[in-house]
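Structure record follows, encoded as structure tokens.
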Amino acid sequence: MSYRIETTQVQGSEMEIYLYEPEGAGPHPGLVLCQHIPGHQGIDGDPFTLKTAACYQANGYAVSVPFLYHWWSKEDDMQIKRDEFNDAQTALDLKAGFDALAALESVDANRIGIVGHCWGGRVSWLGACTDSRYAACAVFYGGGVKEVRGAGNPPAIELTGNVACPVIGVFGNEDQNPSPEDVDDYEAALKNADAEYVFHRYDGAGHAFQWEDNPERFRAAQSEDSWEKTLAFFAEKLG
């Protein structure tokens with residue numbers, strides 16, 4: 001696993017972006033990876049996101065991981081960041097993450113997707129709704145898509161009509177955030193938007209079932225199957 005850290009300015013706030021490049025000159029497809037909550041004090045404190053980025057790198061993808069919590073001190077409590085999280089700001093963060101990836105000589109800017117787990121799954125949905133440059137989107141058990149994040153912002157699900165790329169969704173049927181009923185609403189929103197999508201719903205799996213470092217939640221068989229399906233999806237859509 002090898003990466004470097006670049007910094008950029010988003011509305012005057014300095015944001016770290018972790019960049020992973022695969023071997024070879026390319027041009028490679030790329031992925032913007034949206035971190036999940038355990039990395040709120042720094043991406044380097046989120047082993048799951050680092051491992052996920054390295055796995056995509058090993059499969060031939062350049063990966064950009066923007067640090068979405070740069071608006072607060074790393075020492076601030078996560079609940080503060082939950083309460084103050086703002087989709088309008090996050091959309092700008094994601095655009096900066098995309099731009100950093102697209103600027104790499106080794107990356108084909110026309111073949112960049114977005115992916116995230118848990119909180120990052122919701123952010124991935126938001127990214128696909130706010131940036132038409134994405135060529136594919138993967139949402140792993142992203143809760144809160146129907147919630148408002150930031151005063152004056154609509155719930156992310158109300159932006160689904162803007163989705164311009166194929167979407168893959170991965171969910172556990174024992175999850176409650178999103179619940180199976182929430183996932184039904186996600187699917188209805190994509191259908192109403194006439195978006196191309198495929199959902200995979202797994203029995204015997206709850207929230208964060210790909211999180212190998214969390215033995216209470218990890219489900220090996222479902223995780224492996226969803227990983228294979230997602231790699232196949234990205235191989236098809238990003239070439």
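The distance from atom CZ of Arg82 to atom CD of Glu147, rounded to the nearest 0.5 Å, is 9.0 Å. Atoms SG and CG, from Cys118 and Asn177 in turn, are 7.5 Å apart once rounded to the nearest 0.5 Å.
At a threshold of 4.0 Å, the pair Lys146-Asp182 counts as salt-bridged, since one of the basic side-chain nitrogens sits closer than that to a carboxylate oxygen. Under a 4.0 Å N-O distance rule, the pair Arg201/Asp175 does not qualify as a salt bridge.
Using the six-membered ring where Trp is involved, Phe85 and Tyr69 have ring planes that are tilted, between 30° and 60° apart. The aromatic rings of Tyr202 and His200 lie tilted to each other, with the angle between the two planes from 30° to 60°.
Taking each heavy atom of Asp76 and Trp72 in turn, the nearest pair found is OD2-CB, 3.5 Å. The two atoms that bring Gly121 and Val139 nearest to each other are O-CG1, 3.5 Å, heavy atoms only.
For an aromatic pair to be called close, the ring centres must be under 6.0 Å apart, and Trp211 with His36 satisfies this. For Tyr3 and Tyr20, the gap between ring centers is short of 6.0 Å. Ring to ring, Trp119 and Tyr141 are not that close: their centroids are 6.0 angstrom or more apart.
Heavy-atom contacts from other residues, nucleotides or ligands closer than 6.0 Å to CG of Asp194 number 12 or fewer. No more than 12 heavy atoms of other residues, nucleotides or ligands sit less than 6.0 Å from atom CD of Glu105.
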